[in-house]
Every structure is written in structure tokens, then in C-alpha cells.
**Q** 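One structure follows; several queries about it will come next.
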Number of protein chains: 2
Amino acid sequence: MPAGARSKAGARPRFAARWDVPDDAPEPLPEPGRAALRLEVVMGALSDPLRMRIVRTLLLESEAFDHTCGWFGFDRPKSSLTHHFRTLREAGLIRQRQYGLERRSHVRVDDLEARFPGLLALVADWEG
Amino acid sequence: MPAGARSKAGARPRFAARWDVPDDAPEPLPEPGRAALRLEVVMGALSDPLRMRIVRTLLLESEAFDHTCGWFGFDRPKSSLTHHFRTLREAGLIRQRQYGLERRSHVRVDDLEARFPGLLALVADWEG
DNA sequence: CTGCTTGTACGAAGTAACTCGTACAAGCCG
DNA sequence: CGGCTTGTACGAGTTACTTCGTACAAGCAG
């Protein structure tokens, strides 16, 4: 099945499909595998408004590549953002890669749709 | 619209539809209205495995009426169960009514499907 | 090398959540 | 009435989470 082939009529998600990761991209940081994703952990990660906003923003406004912490423009100390991005990664919501001195994130759309179909649509519809 | 008339082809939820509440039923305990439901609060309530199990059990195994705390058979002190059921009610997941000396609960299927379509299907599919 | 940038690690302080024991209220039944 | 049941209220102990300052590491530009 080709990557991004998500064309079931009438069920196309409103959030952007993910792109093809280039072969020379760095390895992802440690994260739970698809089978290890737990719904209650994912929901716990999304119970924080800032983290919900991070995922939603990545889902709706991200271009065809990963984004750094600073791209979001949050007015919070760096150590706080580190905490929230790590929480999202350890819950399995985002994948992070280290590009030089930047750490870029994107939503694990495929894994989340496979394990929890419809969950990302709820996040996309969230009114912050 | 008859109760349980949820027959969009291929999208029928696997959990039991709710029943008609009799006219002489007690008033529900204080709860947030449909418009006041917040996705991050609902997810926070579901981030506890015991509470996830309560909602899932109500969804899949409940008969055509409300159920008491004791019906679940949890091996926890009563004061702990009070805490979790109240958390679920205040988050808007369940509705509670006082019948004599029992307090019975059911999932707010209509409100939750209207505000967060697909969320209850995720709960029903949860592997505890 | 010197600075600048991105982000981590660590720790501390404050807050919130969970668990549970005890005491109490309210309804039902003998 | 007295006892039984269902569940609450309150409080304490513990744990977990959040927030953030500071110090540090690593990459890049000059």
C-alpha cells in the first residue's frame, strides 16, 4: 500500500497527509512502537491544552516537513516546551528527529489512524 | 426521531444505544451541558484506566437502564469509586441519577456523539 | 576559537490528582 | 425503632504533574 494513499471516498481526513520521509533523515528519537500505543496514555497526553494545541497545529498548519519547537511561537520557557514535546513523543503522538541543532516534530498520522481511527479528526476539530 | 435511530450505513456504533428515560426518573445530578463539554477535559477523565473501563463497560454491557457503582464489581473502597464516578460526571461522560439510596449512571451517548463523533467508538474498542 | 542558537538535564517549588480510612447521611426492611 | 445498604464528605498521605530557572551540550557562522 503506497504511503499517503488515503482516498476512501467520503472519509478523507481534513488534516494534511504526511509526506515521504527522505532516506537521509536522522533516526527518530526513542518512541513507543505502533503496537505499544495505549489509548489512555494518548488521551492523558492530550488532556493538556497546550499539548492539544501542539498536535492540532502540527496537523492543520504544518507544511510538508517537520517543525521545530520555536516554529509554534509559544511564549513559554524552553524547558517547559521540552517537557511537553517529550510527553507527546513518549505517548506516541509525535515523532521527533534531530536535524543538526534543531529537533523537529510531526504527528504520527499513520500509526494513530491505524490504532485509534478518528482520534485525529477530533483533535483537528478541537476549538482551542 | 426514535431512540437509537442511528442507521447511517456502515457507521452504526457497536455500543448499545441509549433508552428512553421514563418521565418519573429523578433529575440528573449537576453536570456540564452539551455545549460546555471540553475535549481536553473528557480525555483527561479517560486517561485513568479504571475510568476508561467504567465507561467502556457501561457502553458495551449495560442493559436498558442505569447501573449502580456496585454493579461493576470493582474491588476498591467506596470512597475511591465515588471520586472516579464524580470525575466522569463532571467531565460530562456519564449522567447520574439518584434512585432512592442508589446512584445510577449511564453514558451520555447522544451528547458525546454530537460533540465528539467517534470518541465512544474508540472507548468501545479499547483493550483493557 | 568566540559567540550565537536550539534544545536538554537537573532540580526545586507549587499544584493537582489518586487512594483510602473514617464518620456520616439517607433510604429501605424487619 | 434498629439495623442494613448505598453512597457522600472530609481529611491525610502519597504520588504525579506542571512550571520554570539555571547550567550545560552540540552545531553552525564569523
Side-chain angles (χ1 to χ4, degrees), chain A residues 24-31 38 40-55 58 62 65-106 128, chain B residues 24-31 38 40-55 58 62 65-106 128:
Chain A
D24 60 341
E27 280 301 295
L29 299 187
E31 65 182 23
R38 308 237 87 238
E40 71 275 20
V41 176
V42 167
M43 290 199 169
L46 291 173
S47 68
D48 183 286
L50 182 66
R51 291 196 292 259
M52 178 78 84
R53 201 171 139 204
I54 290 172
V55 176
L58 276 177
S62 77
F65 41 79
D66 301 350
H67 288 276
T68 69
C69 287
W71 173 78
F72 295 86
F74 293 130
D75 190 20
R76 302 281 189 101
K78 293 183 298 178
S79 50
S80 295
L81 296 181
T82 297
H83 163 69
H84 289 296
F85 276 88
R86 180 165 31 121
T87 300
L88 287 172
R89 174 169 51 84
E90 291 177 349
L93 278 156
I94 63 174
R95 175 164 295 147
Q96 294 186 287
R97 285 188 169 85
Q98 191 82 29
Y99 287 83
L101 49 75
E102 293 175 327
R103 182 165 293 194
R104 303 193 196 152
S105 310
H106 66 266
Chain B
D24 59 341
E27 280 301 295
L29 299 187
E31 65 183 20
R38 308 236 87 239
E40 73 274 18
V41 175
V42 167
M43 289 198 170
L46 291 173
S47 67
D48 183 286
L50 182 65
R51 291 196 293 257
M52 178 78 85
R53 200 171 139 205
I54 290 172
V55 176
L58 277 178
S62 77
F65 42 78
D66 301 350
H67 288 277
T68 68
C69 287
W71 172 77
F72 295 86
F74 293 128
D75 190 21
R76 301 283 189 101
K78 293 182 298 177
S79 49
S80 295
L81 296 180
T82 297
H83 164 68
H84 288 297
F85 277 87
R86 180 163 32 116
T87 301
L88 287 171
R89 174 169 52 84
E90 291 177 349
L93 278 156
I94 64 174
R95 174 164 296 148
Q96 294 186 288
R97 286 188 167 84
Q98 191 81 29
Y99 289 83
L101 51 75
E102 292 175 325
R103 182 165 293 194
R104 302 191 196 156
S105 309
H106 67 264

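Everything quoted here is computed from the prediction, not taken from an experiment. All chains are named by letter (A, B, ...) in the order of the sequence lines, taking the proteins before the strands, and each is independently numbered beginning at 1.
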**Q** Any salt bridge (Lys or Arg N to Asp or Glu O under 4.0 Å) pairs touching residues 40-50 of chain B, not counting sequence neighbours?
**A**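 Non-adjacent pairs meeting salt bridge (Lys or Arg N to Asp or Glu O under 4.0 Å): R38(B)-E40(B).
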
**Q** Does CZ in R53(B) sit with more than 12 non-hydrogen atoms of other residues, nucleotides or ligands closer than 6.0 Å?
**A**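 For R53(B), atom CZ is not crowded (no more than 12 foreign heavy atoms under 6.0 Å).
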
**Q** Contact class for T87(A) vs. all strands (heavy atom < 4.0 Å): base, sugar-phosphate, or nothing?
**A**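 It contacts nothing in the nucleic acid.
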
**Q** Please state how far atom CZ in F74(B) lies from atom C1' in dT19(C), giving the value in whole angstrom units.
**A**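 It is 15 Å, rounded to the nearest whole Å.
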
**Q** Taking side chain to side chain donor-acceptor pair (under 3.5 Å) as the test, write out the residues that go with Q98(B), two or more places apart.
**A**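 Q98(B): side chain to side chain donor-acceptor pair (under 3.5 Å) contacts with R103(B).
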
**Q** Starting at CG of D48(B) and ending at P of dT15(D), how long is that distance when rounded to a whole Å?
**A**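 Distance check: D48(B) CG to dT15(D) P gives 17 Å.
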
**Q** Using distance only, find each side-chain donor-acceptor pair of residues 74-84 of chain A under 3.5 Å and give its atom names and separation, not counting sequence neighbours.
**A**
from	atom 1	to	atom 2	distance (Å)
T82(A)	OG1	K78(A)	O	3.1
H84(A)	ND1	R51(A)	NH1	3.1

**Q** Report the distance from atom CZ of R104(B) to atom SG of C69(B), rounding to the nearest 0.5 Å.
**A**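 Reported value, rounded in 0.5 Å steps: 12.0 Å.
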
**Q** Pick out the pairs of N or O atoms, protein on one side and nucleotides 28-30 of chain D on the other, that lie under 3.5 Å.
**A**
none

**Q** What does the list of N/O pairs under 3.5 Å between the protein and nucleotides 8-14 of chain D look like, with a distance for each?
**A**
from	atom 1	to	atom 2	distance (Å)
dT8(D)	OP1	R103(B)	NH1	2.9
dT8(D)	OP2	T82(B)	OG1	2.1

**Q** Per the side-chain contact (heavy atoms from CB on, under 4.5 Å) rule, which among H106(A), R89(A), R97(A), Q96(A) passes with P28(A)?
**A**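 One option only clears the test, and that one is R97(A).
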
**Q** Taking the side chain of S80(A) as its heavy atoms from C-beta onward, which of dG7(D), dC20(C), dC20(D) lies nearest to it?
**A**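 Ranking dG7(D), dC20(C), dC20(D) by closest atom to the S80(A) side chain puts dC20(D) first.
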
**Q** Measure the distance from CZ on R104(A) to P on dA26(D) and round it to the nearest whole Å.
**A**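 It works out to 20 Å between those atoms.
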
**Q** Could you state the CZ-C1' distance from R76(B) to dC18(C), rounded to the nearest angstrom?
**A**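 Rounded to whole Å, this separation is 9 Å.
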
**Q** Do W71(A) and L58(A) have side chains that get closer than 4.5 Å, going by heavy atoms?
**A**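 Yes; the side chains approach each other to less than 4.5 Å.
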
**Q** With a 4.0 Å cutoff (strictly under), does any side-chain N or O of H84(A) reach OP1 or OP2 of dC17(D)?
**A**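 Answer no for this pair, as no side-chain N or O of H84(A) is under 4.0 Å from OP1 or OP2.
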
**Q** If you measure from CD1 on I54(B) to CZ on F72(B), what distance do you get to the nearest 0.5 Å?
**A**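 One finds 6.0 Å between CD1 of I54(B) and CZ of F72(B).
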
**Q** For E31(A), give me all partners under side chain to side chain donor-acceptor pair (under 3.5 Å), at least two apart in sequence or on another chain.
**A**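 With neighbours one apart ignored, the set is R95(A).
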
**Q** Atom CZ of F72(B) and atom P of dG7(D): how far apart are they, to the nearest Å?
**A**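 Value for this atom pair: 10 Å.
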
